[in-house]
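In this text the structure is predicted, and so the values were computed from the model without any measurement.
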Amino acid sequence: MAAPAKRRRAAGPDPDPTAGFVAWCEAAGVELSPKVSISRRGTVSGYGLLAAADLEPGELLFSVPRSALLSQHTCAIRALLHDAQESLQSQSGWVPLLLALLHEYTTGTSRWRPYFSLWQDFSSLDHPMFWPEEERVRLLQGTGIPEAVDKDLANIQLEYSSIILPFMKSHPDIFDPELHTLELYKQLVAFVMAYSFQEPLEEEDEDEKGPNPPMMVPVADILNHVANHNASLEYAPTCLRMVTTQPISKGQEIFNTYGQMANWQLLHMYGFAEPYPGNTNDTADIQMVTVRKAALQRAKSEAQQQLVAEQWDFLCQLEMVGEEGAFVLGWDEVLTEEELSVTLKVLCMSEEEFKEYKEQDGWEDDSEEEENSTLSNAALSRLKAPCKALLYDSVLLTLESYRSDLRAEQDLLSKQVYEKLSRREQQALHVRYGQKRILHQLLELVQ
């Protein structure tokens, strides 16, 4: 039986815990190339991995044995978590890992203590969930982040009160609610958001199994992210390997990718955004209900408004739209191309055209369907006039949801003004500016 939970001693921060972490890595079987170094200097943010020598594509930077991963399957209470797996199921799927982290982070004898020393008290985590609500709304209104954070905070509260707390109370020899608090749980959720990895499923398992649970991968989680990354993580049966994908010069930072992430997703989940024009994966959303609103505003009579309502209901039946859905726009194309194409087409139909379309249950001949479902920038500029007008009005309504216009953002980006902004103001600016650039680009295409 594990020893009773004890409060972590408040020790002064280690001025440089890197050496202890590297020694721990060696003892844990992590193989670190002599051509790389872990550093806080010369990185875009916090810890990072730097090239200590020139690197060619395909070079192994480090390998981490699966025994060194921190997960529900490797922690000290893995047997307990395995036995309780049915009661620990949740919407996020993160509860077992979070319980493992709650235990290991507050246990002085934890095998992963040198790993946790890199983060001290998680004060470096600055996700919008930690911002005051007033600041979050003021800086991020219109971006989609405040709504995502509200959902996160509600889910965190629900998980903690309905799953975590009852589990801790049933195991008082391991957990103490006064130590393992909701605030610590929230910090660990942000830690998992920002630093965990999920192993991709094998192709044959994608349709049958849910996603693999998250896990912490020492060293791999030190690498910062950019869209134009120069390294990637490979999953092998016995270890995880970080390999270069581009030539890297001595002294340069080595970047992994967290996936094709828009700036609003990066700030929401990782606490940072990429300055324009660095994030080639950036997107802007048009809420689906905004397109309905634009269509209703264009309807000149009660009969036309009734037609729009019927068209919307039919689109819902086709599962093309939903009350909380969004059309996603990239730099070069619409990422939700079929949904937007069909929605514009249906909402611009006359009563007779819509009646015929309904009789065919929304089917059309293959050539027409294929033509309408590919919405590259070139295709957007060739849309029929009514579809262009509806999309144009939808973009204008979307731009009205922000607190400032594009010109105001450009003024903030001038060097003298930008340098005086707080870090949060800078990160929020990158999100808003990228989204507005994409939306203004779309305005020009359909004008």
Side-chain angles (χ1 to χ4, degrees), residues 17-18 20-22 24-25 28 30 32 36 38-40 43-50 61-66 68-75 92-106 110-130 148-149 152 156 183-200 211-226 229 231-235 239-242 253-261 265-274 427:
T18 312
F21 174 66
V22 171
W24 176 85
C25 287
V30 176
L32 200 62
V36 299
I38 297 168
S39 177
R40 287 184 71 94
T43 66
V44 294
S45 177
Y47 284 101
L49 198 67
L50 300 180
L61 302 172
F62 58 82
S63 66
V64 183
R66 288 187 178 268
L69 308 180
L70 173 47
S71 75
Q72 65 203 62
H73 304 300
T74 59
C75 66
S92 70
W94 294 6
V95 165
L97 175 61
L98 288 163
L99 281 166
L101 291 173
L102 279 170
H103 177 66
E104 297 291 349
Y105 183 67
T106 55
S110 170
R111 178 190 167 200
W112 282 276
R113 194 154 181 74
Y115 167 67
F116 287 123
S117 71
L118 296 181
W119 284 277
Q120 302 292 346
D121 57 0
F122 297 125
S123 59
S124 63
L125 297 174
D126 195 30
H127 296 57
M129 72 163 67
F130 298 117
V149 169
D152 288 342
I156 289 169
E183 187 57 33
L184 177 57
Y185 187 71
K186 184 173 151 185
Q187 290 177 327
L188 289 170
V189 168
F191 183 57
V192 171
M193 269 187 175
Y195 292 104
S196 69
F197 290 78
Q198 279 183 287
E199 187 165 0
N212 282 315
M215 58 189 177
M216 311 311 296
V217 186
V219 186
D221 51 18
I222 284 174
L223 272 70
N224 287 305
H225 159 100
V226 292
H229 57 102
S232 67
L233 190 65
E234 298 178 352
Y235 295 83
C239 66
L240 277 62
R241 309 164 72 249
M242 190 69 73
E253 185 169 0
I254 299 165
F255 293 98
N256 186 22
T257 175
Y258 303 160
Q260 294 184 327
M261 309 285 283
Q265 294 169 309
L266 288 174
L267 185 55
H268 170 223
M269 295 187 66
Y270 300 93
F272 74 94
E274 288 193 68
Q427 300 306 312

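A distance of 6.0 Å separates CD in Gln187 from CG in Leu184, rounded to the nearest 0.5 Å. Taken from CG in Leu125 to CZ in Phe191, the straight-line distance is 7.5 Å, to the nearest 0.5 Å. The distance from the NZ atom of Lys186 to the CZ atom of Phe130 is 6.0 Å, given to the nearest 0.5 Å.
For the residue pair His127 / Asp152, no side-chain donor-acceptor distance below 3.5 Å is found, with atom types taken as modelled.
Smallest separation of non-hydrogen atoms from Val149 and Met129: CG1-CA, 3.7 Å. For the pair Arg111 and Ala28, the tightest heavy-atom approach, listed with the atom from each and the gap, is NH2-CB, 4.4 Å.
For Gln260, the CD atom is loosely surrounded, since the number of other residues' heavy atoms within 6.0 Å does not exceed 12.
Every ring pair (Phe, Tyr, Trp, His ring centres under 6.0 Å) that Tyr115 has, sequence neighbours left out, goes to Trp119. Pro65 is linked by a side chain to side chain contact (heavy atoms under 4.5 Å, CB included) to Val30, Ser67, Ala68, counting only residues two or more places apart in sequence or in another chain. Remark: Tyr185 pairs with Tyr160 by the ring pair (Phe, Tyr, Trp, His ring centres under 6.0 Å) rule, at least two apart or across chains.
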- Task: Apply the test ring-ring contact (aromatic ring centres under 6.0 Å, His included) to residues Phe122 and Tyr105: give CA-CA distance (whole Å), side-chain angles for both, the deciding distance (0.1 Å), then the verdict.
- Result: CA-CA 11 Å; Phe122 297 125; Tyr105 183 67; 4.7 Å; yes

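For Tyr195 and Tyr258, the ring centers sit 6.0 Å or farther from each other.
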